[in-house]
Structures are given as C-alpha cells and as structure tokens.
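Worksheet: the structure to be examined is printed underneath.
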Amino acid sequence: MSTPAPAPVHFLLVDDLEENLLALEGLLRRDGLTLLKARSGPAALELLLVHEVALAFVDVRMPGMDGFELAELMRGTERTRRVPIIFLTAGTPDQQRRFRGYETGAVDFLTKPLEAHVVQSKADVFFELWRERQEVARQRDELKLIAAENARLLAETQRTAEALREADRRKDEFLATLAHELRNPLAPMRNGVHLMSVGQPDGPARARTLAMMERQLGQMVHLVDDLLDVARFSSGKIVLRKERLELAPVLGTAVETSRPLIEVGRHELTVDVPAEPLLLDGDRTRLTQIFANLLNNAAKYTPKGGRITLAAAREGERAVVRVTDNGIGISAEMLPQVFDLFTQVGSAVDRAQGGLGIGLTLVKRLVALHGGEIAAHSAGEGKGSEFVVRLPLVNRPAAAEPAASVAAPPEPRLKGGAPVLIVDDNLDAAESLAELLEMKGHTVRTARDGAEAIRVLGTFRPRLVLLDLGLPGMSGYELAERLRDDPALSGVALAALTGWGKDEDRRRTKEAGFDYHFVKPADLSQVDAVLAGLGQ
C-alpha cells in the first residue's frame, strides 16, 4: 500500500506592512509550504482558529495589538500554545524586551533587514520538524488501525476456534449417539434371530418376536432416512410434491405414526382439531413427517405416564398447530439451540432412544419450505415444552380430481405365482428375499453377478428381474442394457434394487430402461404390488 502524500505545512506571517509580508513570502516559498499572511493580531488569531501552524513569524511593532500581546494570547489557548514564534524587529531588542519575548514562547529574534540565508535555515528546521511530526502521527494512526484490526482478527479467530471446538464436540457426540442408536435396535433383532434359529415354535411367542424385529428394523430405517434427508437438504435436493389438502387427515396420520412410541411410554394423548377444514398447499408426506417428529420428540422426552397434547386452530390466514407435553422441558441456555443440527436436550448416554439430534432440524427446514415457521417454548427444566408450527392457509379447495386408489393390491392372477430372478452379490440379501417371495408362491432364481444372470436367463424366463446396481464386474446398468437389447426378453420387467433413492437416482434408472426402482431394504409390499400388476 502506497504512503499518502503529506499534508501541506502552514507558516503564519504577521506584519502590518504589506511590503514586509511580500518580502518574507519571497524568502520562504517552497514546495509543500503554505504561507498564511495577516496584517494585524486579530486577523492572525482568525487564521489560527482555522489552520494548524508549524511556525509563526510575528512583527513586534504593530498598531493596536503588538507582537508580544498576540504571543500572550496564543499561549493562553490550548490550540496555539505550542506554536513556535520567531519575532521580527527593526532594531536590536534590549534585555527586557528579549526576556518578555522568550517568556511569551518565542524561539528566536530576527532583526530587520532580514538576512535571507538565516531566515531560510531557521524556516527549514521547523518545516522538517513539522514533517517529522506528521510522519509520527501517521505511523501512530496506522499502528492504531493495525492494532484494532489485529484485535478484531484475534477475536474472530477465537470465535472461529470456539465454533470449531463446538462443532468437533457435536460431531463426536453425534457419532457416539449414532453408534448407540444403531446398536439399540440391532441387539433385539439379533436376539430375535437367535430365538428363530433355535426353533421357536409357532404361536404368540413367535408372533411377538417377529413384531419386535419389525419394529426395530423400522427404527433403523427411520434413522437412515433422517440422515439421508439431512444430506438432501445440504445439497438442495429436497423437492416438495405439493397438493391442496386438509390439515386434519395429515395430523391423524402423524398420530398413527407416533402411536407405538406414545403407547410404549403410556402417555395420555389429547388431540384437539377444529371441525372446520383447514386447507393447505403442501406435501402430504413431509407434513406428516413434521408432526410425527414433533410427537415422537414429545414422547421421548416425557416421563412414562405423561401428557401430550396436539391442538390445531385457525389464526387469521394461518393454521397453528401446537404440540405440548409435561416432560423434562428445555433450559433457557438450550432453547435457542434446539433446532441446530446434532443438538439434543439431555445426554444420549442417560436417555435411551434419544435420537440423533437431527429431527428438529429437519422439522424446521420442512416447515420453512412450506412457507411457515416454528418456535419452541419452555418454562425451564422439568416444566414441559411446546412447539408451535404456523403454516399459511388457502381459501378454496382445489378442483375435484379423481381420488387415487388406496385399496390393497389384488393378488397375482398367475397360477403358481410369477417367475422372478434376483441378481445381487449380497448372498444373504438375495436368498432371504427369495425365500420370502417363494413363501408367497412365486418361482425364484438368484444370481451373484451379471455373467451368472445371463446364464440363468438361458433356461429361465422371469416376469420380473430384481437387479442390484452395484454388481461386481458388470454393473447393474450394463446388465440392464444387455437385457433390453435381447428381443427374447422384451416382456421382462426390470426393477432396480439399490441403496440410492434420490429423485436423480430414480431418473437415472428410468433412463437406463428400468421399469421400477426399489430402495434397499426393499419394501415387500411394493414388490407384491408390482408382481400383482404383472399377474394381471
């Protein structure tokens, strides 16, 4: 950065004779120097009020206010008391006059007629002193700015370091919580597998074991879905499928979704929904996810036998939904952070099934996508909490459209079931799915890779191929392309079997020639529905 040009230096010339001022001006003229001229003491004082002066040349004998009186007034003012003064006199001053001059702050006396080199040498000294003073002031100001900037950077660095420490702490806590939450359902599922392996007889005990394993599997799927939703939000891949809908059925579905957790906690649930329809433009699935997450949150953090209330009402042009509980509450310190990613009220170590600390983050983002807002309230620890969601209402229902059928899919009409080929390099996944389909009457073959699948298709003609995309050697996409190029397989339906379920993944499989897209673990009811359609 270049150094700015120094400000001009000001000298004050005071003499009642114009010719003296002109002569002095001629002697002192130089670059960077501005000469201020005054023909009386009062005029000089006016200039001193406006300008910073490095040196004053003052004539002693002037009518009205002489040079000494001007100097005394200058010494009496804080602004001008340190201005050096050189007195100009027509004769040699006596001792008394010299003493008075030095007493008023004079640094020298010059006798008229002035000697040019003397005047110029003394002026040069004070000119350079002022320039040095300017440079010192500039450096001082720069140092102040540098010190202020360093202080700001230090404070910012400390804030960043603290934020990184907090993020690192949350990351460690999240990973510990994730391990805890995944082990929770794995333990009973493993026990259930062991019970089945030792030959648990059919009956109520077996049914309970299967129901328990299904619940725990559902918990794991829910955790994975939440993690995927966070990733979709981070990459901007969440897209709402909006429709005109009523709020009450959405809340009913959310209650049914959360009921198992509420019943486990033996909570008393009160639902208060107005009779009038509250119409929204929203994504039914995502709205259900919002309120189910809030109910699950209330159930998790409310001691057994607690009370939970779900209430909806119209407030102006908005629908307001309140989820209230009498649970552990939220401290004043935690309240502003409850919607932050990986934040939990309480410890994952001492609170089982506490979740991953991402549910409320998803809720807030989904509410925002619907043009709404959410707020959390609590009177403090042990005093319960309330979450309030506000969503914009619409005035008129959408035009009537044929309702989508929600009836159970018809059973396959193919006698003996449908022939199915499963291609998956995960042997356990392939064989377990094959056994489930065979139990439903279907004829099933399996293959571990693309080459084996082609060999099987030489003697076996399926109606549906469930094809894993991540196969060794020949990928699922490559195998699908070869199958589509074979005229003998023109009537075979292809279903992608993959762990990727974003809209972009579904678009890619469709473009590759797949008829269906199943996300692992495949929902057996969806496979049944496809086979039922093929059977017809």
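Reckoned from all heavy atoms, side chains included, excluding hydrogens, waters and symmetry mates. Just so it is clear, the structure is predicted and the values come from calculations on it, not from any experiment. Throughout, residue positions are numbered sequentially from 1 according to the sequence presented.
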Discussion item. Applying side-chain contact (heavy atoms from CB on, under 4.5 Å) to His267 and Arg307, what does each step give before you reach the verdict?
Written reply: CA-CA 6 Å; His267 301 308; Arg307 296 188 307 277; over 6 Å; no

Fill in: Step-by-step side-chain contact (heavy atoms from CB on, under 4.5 Å) determination, Leu360 to Phe387
CA-CA 10 Å; Leu360 290 179; Phe387 289 85; 3.9 Å; yes

Item to complete: Would you sort out whether Asp515 and Arg484 count as a salt bridge (Lys or Arg N to Asp or Glu O under 4.0 Å), showing the intermediate values?
Response: CA-CA 11 Å; Asp515 302 290; Arg484 285 297 181 227; 2.6 Å; yes

Discussion item. Could you go through Asp468 and Thr498, starting from their C-alpha distance and side-chain angles, then the distance that decides it, and tell me whether this counts as side chain to side chain donor-acceptor pair (under 3.5 Å)?
Written reply: CA-CA 6 Å; Asp468 181 28; Thr498 174; 5.7 Å; no

Item to complete: Any chance you could lay out the side-chain contact (heavy atoms from CB on, under 4.5 Å) test for Ile328 and Glu381, step after step, and finish with the verdict?
Response: CA-CA 6 Å; Ile328 65 171; Glu381 294 183 1; over 6 Å; no

Practice prompt. Decide yes or no on salt bridge (Lys or Arg N to Asp or Glu O under 4.0 Å) for Arg318 and Glu315, but give the supporting numbers first.
Written response: CA-CA 5 Å; Arg318 296 205 161 206; Glu315 291 185 6; over 6 Å; no

Practice prompt. Any chance you could lay out the side-chain contact (heavy atoms from CB on, under 4.5 Å) test for Arg445 and Ile422, step after step, and finish with the verdict?
Written response: CA-CA 6 Å; Arg445 298 287 185 273; Ile422 300 173; over 6 Å; no

Discussion item. Salt bridge (Lys or Arg N to Asp or Glu O under 4.0 Å), that's the test. Do Arg152 and Glu156 meet it? Break it down for me.
Written reply: CA-CA 6 Å; Arg152 187 190 66 80; Glu156 185 175 320; 2.9 Å; yes

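In this structure a side-chain-to-backbone donor-acceptor pair under 3.5 Å is present from Thr509 to Arg506. Side chain of Ser490 to main chain of Pro487: a donor-acceptor pair is present (N/O by atom type, distance under 3.5 Å, no hydrogens or angles). Judged by distance alone, the side chain of Thr309 and the main-chain N or O of Thr324 form no donor-acceptor pair under 3.5 Å.
Looking at residues two or more places apart in sequence or on another chain, you find no side-chain hydrogen bond (donor to acceptor under 3.5 Å, both in side chains) involving Glu317.
Geometric assessment of Arg508 against the ring of Tyr477 yields a positive cation-pi assignment under the 6.0 Å and 45° thresholds.
A side-chain donor-acceptor contact under 3.5 Å links Ser385 and Asp325.
A salt bridge is defined here as a Lys NZ or Arg NE, NH1 or NH2 lying under 4.0 Å from an Asp or Glu carboxylate O, and Asp283 with Lys242 fails to meet this definition. For Glu162 and Arg165, the salt-bridge test passes: some basic side-chain N is under 4.0 Å from an acidic carboxylate O.
We find the CD-CG distance between Glu149 and Leu153 to be 4.5 Å, quoted to the nearest 0.5 Å.
Other residues, nucleotides and ligands contribute more than 12 heavy atoms inside 6.0 Å of the CZ atom of Arg461.
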